[in-house]
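Here is the structure we will look at.
Note that the coordinates shown come from a computational prediction; the quantities given were computed from them, not determined experimentally. Order of the sequence lines fixes the chain letters, A, B, ..., with proteins taken first and strands second; residue numbering starts at 1 for each chain.
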Protein chains: 2
Amino acid sequence: MTDDDRVFKALADPTRRFLLDLLFAREGQTLTELESAVEMTRYGVMKHLKVLEEADLVVTRRSGREKLHFLNAVPIREVHDRWIDKYTERHVAALMDLKHELESES
Amino acid sequence: MTDDDRVFKALADPTRRFLLDLLFAREGQTLTELESAVEMTRYGVMKHLKVLEEADLVVTRRSGREKLHFLNAVPIREVHDRWIDKYTERHVAALMDLKHELESES
DNA sequence: TTGACATGTGACCATCTGGTCACCTATCTT
DNA sequence: AAGATAGGTGACCAGATGGTCACATGTCAA
């Protein structure tokens with residue numbers, strides 16, 4: 001599995017996107033803190049965090065018995081720059097808009 | 001399932017991303033054309049195209065017995081604008097770089 | 001009008017995924 | 001040292017997903 005694939009797959013689950021949102025709002029949260037924000041057992045959250053870590057979207061640091069979680073936006077940015085950009089360039093967007101107008105007329 | 005979720009899930013599969021690439025390279029391809037570019041039976045390709053259509057990433061037009069497929073970048077752009085952007089803003093990226101430098105020093 | 005061609009459907013199957021649980025280890029606190 | 005707290009592991013399960021196939025429909029061309 002490629003890095004890109006890991007990132008796309010990690011982003012495919014709404015719970016995982018929500019966890020990223022939580023870490024975006026406040027970095028350094030522990031598993032227990034994240035668990036309390038989600039309708040799911042600790043184990044479910046752990047599995048999601050593992051997927052996010054393996055995609056390098058979350059990095060961690062241990063502090064005693066706690067494990068602190070940090071959002072890492074770099075892989076998203078990389079995927080964005082070399083994959084999503086090409087579909088979202090302004091001229092492409094304009095063509096799409098035009099095509100839809102033409103279609104809705106017919 | 002939300003629109004966003006459909007788009008993210010559709011993008012999670014490498015074959016589907018490849019189909020989008022094919023349509024980005026040349027619009028209006030038929031199922032048979034797309035099938036020949038992929039190591040998979042027609043039926044597999046059909047299922048993938050269905051997922052892409054339901055996410056509105058691909059729109060189609062019939063022409064006689066053929067079905068022509070077109071890339072629609074609008075959903076990607078929407079997801080990008082209201083979700084990915086916030087993680088890829090320049091100052092966030094800069095903070096990430098700084099954090100990684102600090103971590104590698106310790 | 002018959003045969004070839006393009007696409008569609010439903011059943012089926014193996015594997016992946018999301019989630020839980022019982023049990024375990026490590027760390028802190030008193 | 002003992003209890004409480006934070007996190008980790010492996011087994012397990014139901015449902016989703018990715019892929020194939022037999023069969024069927026619609027369309028073109030001679």
With the criterion being N/O to N/O and under 3.5 Å, what pairs connect the protein with nucleotides 23-25 of chain C, and how long is each?
| unit_1 | atom_1 | unit_2 | atom_2 | d |
| --- | --- | --- | --- | --- |
| C:dC23 | N4 | A:Y43 | OH | 3.3 |

For nucleotides 15-19 of chain D, tabulate all protein N/O to nucleotide N/O atom pairs closer than 3.5 Å, reporting atom names and distance.
| unit_1 | atom_1 | unit_2 | atom_2 | d |
| --- | --- | --- | --- | --- |
| D:dG18 | OP1 | B:D13 | OD2 | 3.4 |
| D:dG18 | OP1 | B:R16 | NH2 | 3.4 |
| D:dG18 | OP2 | B:R16 | NH1 | 3.2 |
| D:dG19 | OP2 | B:H48 | NE2 | 2.3 |
| D:dG19 | N7 | B:K47 | NZ | 3.0 |
| D:dG19 | O6 | B:K47 | NZ | 2.1 |

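For C:dC5, neither phosphate oxygen OP1 nor OP2 lies less than 4.0 angstrom from any side-chain nitrogen or oxygen of B:T32. Within the 4.0 Å cut-off from OP1 or OP2 of D:dG8, at least one side-chain nitrogen or oxygen of A:K67 is found.
Remark: the backbone N or O of A:D56 is paired with a side-chain donor or acceptor of A:N72 at under 3.5 angstrom. Under a 3.5 Å cut-off, the side chain of A:H69 and the backbone N or O of A:Q29 do form a donor-acceptor pair.
Between B:E33 atom CD and C:dT7 atom P there is a gap of 8 Å when expressed in whole angstrom units. As a whole-Å value, the separation of A:M46 CE from C:dC21 P is 15 Å. Atom CD in B:E66 sits roughly 12 Å away from atom P in C:dG8 (whole-Å rounding). Distance A:L34 CG to D:dG8 P: 12 Å, rounded to the nearest Å. When the C1' atom of C:dC16 is taken as reference, atom CG of A:D5 falls 13 Å away, rounded to whole Å.
In terms of heavy atoms, B:A55 sits closest to B:R6 at CB-O, 3.7 Å. Shortest non-hydrogen contact noted between A:L68 and A:S63 is CD1-CB, 4.1 Å.
Taking the six-membered ring where tryptophan is involved, the planes of B:F24 and A:Y87 are perpendicular, since the angle between them exceeds 60° and thus also 30°.
In this structure, A:F8 and B:F8 have side chains that are not in contact, with every pair of non-hydrogen atoms separated by 4.5 Å or more. Side chains of A:D4 and A:V7 form no contact here, defined as non-hydrogen atoms less than 4.5 Å apart. The shortest distance between side-chain heavy atoms of A:M1 and A:K9 falls below 4.5 Å.
Two residues, B:R62 and A:T30, neighbour DNA chain D, and the one matched to the more 5' nucleotide by heavy-atom proximity is A:T30.
Looking at B:R65, its side chain has no donor and acceptor atom pair within 3.5 Å of the base of C:dT7.
Among residue pairs with one or both ends in residues 39-50 of chain A, those qualifying as side-chain hydrogen bond (donor to acceptor under 3.5 Å, both in side chains) are A:R16-A:H48; sequence neighbours excluded.
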